[in-house]
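Step one of this worksheet: look at the structure below.
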Amino acid sequence: MTDMKVNLGGLELASPVVTASGTFGYGFEYLGAVDYSKIGAVTAKGICLEAWPGNPMPRHCEVPGGLVNAIGLQGTGVEHFLKYTVPWFRQQVKGVPVIANIWGRSVEEYAEVAARMGDVVDAIEMNVSCPNVKAGGHTFGQDPKVLEEVVAAVRKSTKLPLIVKLAPNVPSVVPYVRTCEDAGADALSLINTLPAMVIDIERRKPVLANRTGGLSGRGIHPAAVKLVYDAHAVSKLPILAMGGVAEAKDAIEFLLAGATAVAVGTATFSDPGTAGAVYDGIADYCARHEFSSVAELTGNLLV
Ligand SMILES: Cc1cc2nc3c(=O)[nH]c(=O)nc-3n(C[C@H](O)[C@H](O)[C@H](O)COP(=O)(O)O)c2cc1C
């Protein structure tokens, strides 16, 4: 029997396979459709201070190799999340940790949402791919100085394991990884969606009401593997890798590139059983290659 436990920056996971934020609702929507014993943690949809409607429709479009979405971080707001969503999930699904994915429009908002989480959730994942309204709308995760400020502020406001979800559309991920380490992050997650656009040529209009969106799914997987490899090469922070995991092979690539755990996102929409199948496939790979523990795969690349 392979030991499938991993430790993601202080968060103990019974399985190295978790769900990706925004692709698994608040965790209970898949009750009856998935085997939660194979899911290490559920990462909830992005949460900010207030309830937020997201972008106008249409806001997603399937493309070859993936999905372009511009949901725009629709969410219930932190109060509802803490009072109803998490307790309801805990009542329905025993023993599966909850990772709260948070976002804000300013450094102060991030810190406040994190502080309000208290110890109701098991870890915080900061989505830094959103615009900073106090800095002309520039994305937090695309300026190392701003990233340092926001990660340090959240670090001060929570004792929970802190995972920073990095933006993939940067020339090099290295300065951002180092910044997170210095500012007190416990782990990294990467990658978020890649900026994308789809045009309806007959109408000569963008397909999404928001015009642009983010690409996820199988097509982004090799780009994500490269970013995980680059991040692991310069940092000891554990990595939660995501981007196009649809079968065990994809997850094992991430682990060998340096990830400690993997998240399944877009693939869940076409097959809710993906995370469970990925778990089984990793266990089978470990048995075939005589690894007694999945943790032995991390960064175990023969180069
Ligand atoms: C519909 C949709 C909604 C998403 N919402 C969020 C979100 O709220 N917060 C976040 O950090 N990432 C969000 N993501 C990004 C995913 O968590 C993940 O990083 C990305 O989709 C890559 O993984 P995948 O290719 O397996 O989907 C969303 C992705 C999709 C497709």
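Basis for what follows: all heavy atoms, side chains included, without hydrogens, waters or symmetry-related copies. All figures in this text were calculated on a predicted structure; none of them were measured in a lab. One-based numbering, in listed order, for ligands and for the atoms of each. Throughout, residue positions are numbered sequentially from 1 according to the sequence presented.
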Exercise. Under 4.0 Å from any heavy atom of Ala20, which atoms of ligand 1 are there?
Worked result: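 Checking each atom against Ala20, I get 17 (O).
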My understanding is that we take every heavy atom of each candidate and find the minimum distance to [atom]. Doing that for [options], which one comes out nearest?
| atom | options | answer |
| --- | --- | --- |
| atom 19 (O) of ligand 1 | Leu190, Thr193, Ile191 | Ile191 |
| atom 2 (C) of ligand 1 | Thr43, Asn69, Leu240, Ile47 | Asn69 |
| atom 25 (O) of ligand 1 | Cys48, Gly265, Gly65, Gly244 | Gly244 |

Exercise. Side chains of Glu125 and Thr43: do they bring a donor and an acceptor to under 3.5 Å?
Worked result: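 No donor-acceptor contact under 3.5 Å links the two side chains.
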Give the residue, atom name and distance (to 0.1 Å) of the protein heavy atom nearest [atom].
| atom | answer |
| --- | --- |
| atom 7 (C) of ligand 1 | Ser21 OG, 3.3 Å |
| atom 21 (O) of ligand 1 | Ser216 CB, 3.3 Å |
| atom 3 (C) of ligand 1 | Gly22 O, 3.4 Å |
| atom 8 (O) of ligand 1 | Gly46 N, 3.2 Å |
| atom 27 (O) of ligand 1 | Thr266 OG1, 2.6 Å |
| atom 15 (C) of ligand 1 | Asn192 OD1, 3.5 Å |
| atom 12 (N) of ligand 1 | Lys165 NZ, 3.0 Å |

Problem set entry | Salt-bridge present (Asp186, Lys159; N to O < 4.0 Å) |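 No, Asp186 and Lys159 are not salt-bridged.
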Exercise. Going by an N to O cut-off under 4.0 Å, is there a salt bridge joining Arg116 and Glu112?
Worked result: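 The answer is yes: the pair qualifies as a salt bridge.
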Exercise. Would a distance-only check, ignoring hydrogens and angles, find a side-chain to backbone donor-acceptor pair under 3.5 Å from Arg90 to Val93?
Worked result: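 No, because the side chain of Arg90 does not come within donor-acceptor range (under 3.5 Å) of the backbone of Val93.
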Problem set entry | Any donor-acceptor pair under 3.5 Å from His60 side chain to Val68 backbone |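 Judged by distance alone, no pair lies under 3.5 Å.
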Under 4.5 Å between side-chain heavy atoms, counting indirect links through other Ile/Leu/Val/Met/Phe/Trp/Tyr residues: same cluster for [X] and [Y] or not?
| X | Y | result |
| --- | --- | --- |
| Ile71 | Leu73 | no |
| Leu31 | Val42 | yes |
| Leu301 | Leu297 | yes |

Is [X] in polar range of ligand 1, meaning some N or O pair under 3.5 Å apart?
| X | answer |
| --- | --- |
| Gly217 | yes |
| Ala267 | no |
| Glu125 | no |

For this session: Select one of side chain, backbone, both or neither to describe which atoms of Asn101 lie under 4.0 Å from any atom of ligand 1, heavy atoms only.
Result: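 Asn101 to ligand 1: side-chain contact only, backbone stays beyond 4.0 Å.
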Exercise. What part of Arg218, side chain from CB on, backbone N/CA/C/O, both or neither, has a heavy atom under 4.0 Å from ligand 1?
Worked result: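 Within the 4.0 Å criterion, Arg218 makes no contact with ligand 1.
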For this session: Supply the atom-to-atom distance Ile163 CD1 to Leu237 CG, rounded to the nearest 0.5 angstrom.
Result: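 Separation between the atoms: 11.0 Å.
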Exercise. Is the gap between the ring centers of Tyr26 and Phe89 under 6.0 Å?
Worked result: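 For Tyr26 and Phe89, the ring centres are not under 6.0 Å apart.
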